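Everything below concerns the one structure shown next.
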Amino acid sequence: MSAHSSFTRRSLLGAGLAGVATAALAGCASSPIGAGLVGSKLNPEQLIFWNLFGGGDGSRMQTMEAGYRKTHGGAGSLQATVFAWGNPYYSKVTLATVGNQPPDVAISHLTRAKPLFEGDILEPITEADLASVGLSSTDFNQKSWEAQKTGGKNIAIPLDTHPLVMFFNADVCKKAGLLGSDGKLVDLDGLENFEKALAAVSKVTGGTAIAYGNVSETATPWRVFTTLYHQIKGSTPFISNNGSKLTVNEDDFIEVCTRIQSWVKKGWLNKGLDYAGAMSTMFAGKAGFFLQGEWEITTAQAVKGLKFGMVPVPTLFDVPAAQADSHTFVLPRKNRTPEQRKQAMGFIKSMLDQSYTWAEGGHVPAYLKTLDSAKYKALEPQSDYVKSAEYAVYDDPAWYGGSGSTFENTVGAQLGLVQQLAITPQGALSAIKDQLKVYLNTPSPL
Amino acid sequence: MTAAPAMTRATRTSPHTLATKRRSPLSGGDSRGAWLFLAPFGLFYVAFLLGPTVWMLITSFFNTSTVKTGLGSFAGFKNYGEMLGRADFWSAMWHTLQFTLYTTPPLVVLAFVFAILTNRVRRGQWFFRLAFFLPYILPSATISLIWVFIFTPGSGLWASAQQAVGITPGAGVLASPATAMIGIAIATVWWTLGFNFVLYLAGLQEIPRELYEAAAVDGATTWEQIRFITLPLLGRTTTLVILLQIIASLKIFDQVYLMTSGGPGISTQVALTLITGTAFTDNRVGAGSAASVLLFIVIIVIAVVRQIIDRSLARKAA
């Protein structure tokens with residue numbers, strides 16, 4: 001009897017399992033179970049898009065995604081997922097592609113697309129791909145277009161250039177006598193000229209004149225440093241040979257760092273503020289200037305009663321330069337039918353067509369139809385710093401380099417400490433050398 | 001454990017299996033049943049714990065890359081050599097130890113003290129239990145956000161408190177290499193105290209009230225009662241709490257990642273942030289595995305040493 005009852009239980013269980021399996025297999029094509037078990041797509045018509053846009057960028061990207069859905073078959077036509085930016089995002093794109101579950105289209109920083117391509121994570125984009133949706137390589141800002149070319153191949157389609165810019169508080173600058181009759185900031189090029197302006201602003205605010213984040217923040221100190229560093233004539237790349245050689249000009253490094261420390265010592269530059277803190281210091285009129293990527297325009301516009309403007313970072317040394325990167329569209333490696341490829345390209349084209357919306361968020365559009373349009377040229381203060389994109393300095397290519405990378409984190413962390421006056425420029429340089437040593441000596445794992 | 005009641009039910013009807021049951025609780029057909037019941041857990045254990053551990057050991061000897069299939073070229077002990085020769089590896093190990101030293105004593109002592117105090121409360125004990133345990137149920141992301149807000153330079157709660165008593169706030173606790181780890185430790189103590197607290201509270205409730213009553217009749221003061229009754233009888237709980245705490249602290253990751261991401265500089269970079277960075281950001285699974293194995297060894301050594309100390313103490317007591 002016992003054997004009998006146990007047999008019944010077992011067969012019942014077996015039948016149940018078989019039932020579940022049948023159901024799963026039957027619904028393979030589009031059921032969540034099928035998607036989970038065998039990786040089939042929930043909706044084959046749907047385009048999967050990954051990006052890393054939060055804040056103002058995030059809401060603008062959503063507007064553009066809505067634009068795509070409207071013209072490409074409704075809500076089901078696009079699944080867009082947002083991840084936290086920086087290293088975690090690129091790890092996810094890498095692991096998903098290695099695991100054969102990549103998105104159809106992904107956003108990548110131009111500087112990060114290079115190591116991804118080197119690691120065989122991205123597919124090159126051919127002229128035929130571009131032509132399939134009516135694009136050609138001449139449709140883009142040539143600075144960013146040339147920058148994305150890797151090994152003679154197109155690896156990414158730039159959406160924008162996003163240089164480091166200088167925000168200014170118009171009320172403070174007016175009091176400091178730095179605004180012209182047209183309400184625009186007077187020319188602050190030249191070290192002497194700039195420092196005079198800092199002194200004037202400092203008098204108005206009773207302290208800080210210029211602010212940028214350096215606590216729990218490594219990207220901004222790096223951006224500011226590399227902008228000023230590349231303004232010095234004959235500056236060398238920080239690293240070269242795909243990150244195997246440290247080629248930074250040490251005198252220039254020390255010069256820039258010493259200058260930054262002298263501003264802190266004079267009370268012109270904040271000693272320790274985090275990203276948001278530095279921004280609100282300027283918004284609240286406790287500083288006249290604020291250095292950051294132009295994307296914070298959205299935040300500034302949201303502050304009630306704030307009168308502000310944006311200009312390229314003044315040329316303090318010999319030549320104009322601005323650290324920059326570009327958001328680009330990339331095609332992670334996967335088996336695609338020609339239709340799927342065209343669908344992906346169609347999505348990219350749709351985003352480019354809507355890049356005026358994107359440009360409102362501060363980014364300098366890479367798509368010439370938008371960049372050269374009268375509508376964009378009339379957009380203020382966006383068009384006031386557009387020339388920064390022409391002398392954009394991208395991070396040196398390295399397998400551990402690019403925006404938000406290990407390289408930026410390592411170097412930026414030390415530069416943050418320089419600003420805190422916690423270490424000397426010389427100390428920062430030797431810490432950087434020490435910490436980069438292992439990366440310089442390790443062959444690329446890609 | 002879960003298998004036991006079901007098995008007794010199955011055997012009840014059969015005199016034959018009843019007989020075998022008398023010989024051993026798990027023999028013959030019964031043990032097969034037990035294995036079946038254990039199988040789902042065992043499968044996960046092998047697939048997600050043992051398997052990866054073995055894989056970690058293997059890859060640590062190869063130049064394995066995230067983006068390439070296969071193990072990559074053979075590296076021998078090169079990955080280990082690299083890690084042992086890296087200044088930032090040693091600093092990460094030191095920071096891990098530093099964090100453990102900062103968190104373990106307060107987490108054990110405070111949990112003990114608060115448990116004793118709570119246990120003495122007669123009315124509304126639930127409130128104190130809840131209050132101490134509540135932070136523990138929050139995710140680390142929430143904890144980190146709360147404490148990053150508190151430590152925000154200039155405008156955070158900590159800076160405001162400093163201002164209120166007339167101190168000019170500096171760049172903030174998390175901004176200075178000297179204090180950042182302390183800030184993370186404070187957040188962690190506040191967050192995880194509840195777990196040890198509950199373990200202690202459970203231990204306290206197993207001590208018979210009569211012992212205290214007898215001691216009170218004999219004229220023992222409160223302190224003497226704690227010293228001679230509570231502390232010795234909670235010995236096992238303390239051993240468990242300390243060991244669990246040391247291991248948990250050595251595995252510190254989330255708070256550091258979310259609160260300082262290893263900064264300022266690399267002053268709060270701990271072993272696990274270095275390992276994840278090497279393996280997933282730099283795509284060097286092999287080197288990351290080697291670092292991981294080294295941490296694994298440290299944790300095992302600490303666990304074994306504690307076990308040996310406990311045993312010798314127990315032998316002495318007996």
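Here is the naming used below: chain letters follow the sequence lines, and residue numbers restart at 1 for every chain. Only a predicted model underlies this, so the values are computations on that prediction, with no experimental measurement involved.
With a 4.5 angstrom heavy-atom cutoff, B:T281 touches chain A via backbone and side-chain atoms both. Looking at A:D434, only its side chain comes within 4.5 Å of chain B, counting heavy atoms on both sides. Residue A:L415 does not touch chain B at all, counting heavy-atom pairs closer than 4.5 Å. Only the side chain of B:A87 has a heavy atom closer than 4.5 Å to any heavy atom of chain A. If you measure heavy-atom distances from B:F151 to chain A, you find no contacts under 4.5 Å at all. Interface remark: A:T410 contributes no atoms to any contact with chain B (heavy atom separation under 4.5 Å).
When each of B:N63, B:V285, B:T64, B:I266 is checked for heavy-atom pairs under 4.5 Å with chain A, B:I266 comes out on top. The choice from A:T94, A:V215, A:L446, A:T406 that makes the most heavy-atom pairs within less than 4.5 Å of chain B is A:L446.
The pair A:K114-A:E118 fails the salt-bridge criterion, with no side-chain N (NZ, NE, NH1 or NH2) lying under 4.0 Å from an Asp/Glu carboxylate O.
Distance alone, capped at 3.5 Å, is enough to place a donor-acceptor pair between the A:Q261 side chain and the A:V418 backbone. Listed for the A:S430 side chain is a donor-acceptor partner under 3.5 Å among the backbone atoms of A:G427. Without hydrogens or angle criteria, A:N270 side chain to A:Y212 main chain gives a donor-acceptor distance under 3.5 Å. Between the side chain of B:T59 and the main chain of B:S289, no donor-acceptor pair closer than 3.5 Å is present. For B:H95 (side chain) and B:Q269 (main-chain N/O), a donor-acceptor pair under 3.5 Å exists by modelled atom type.
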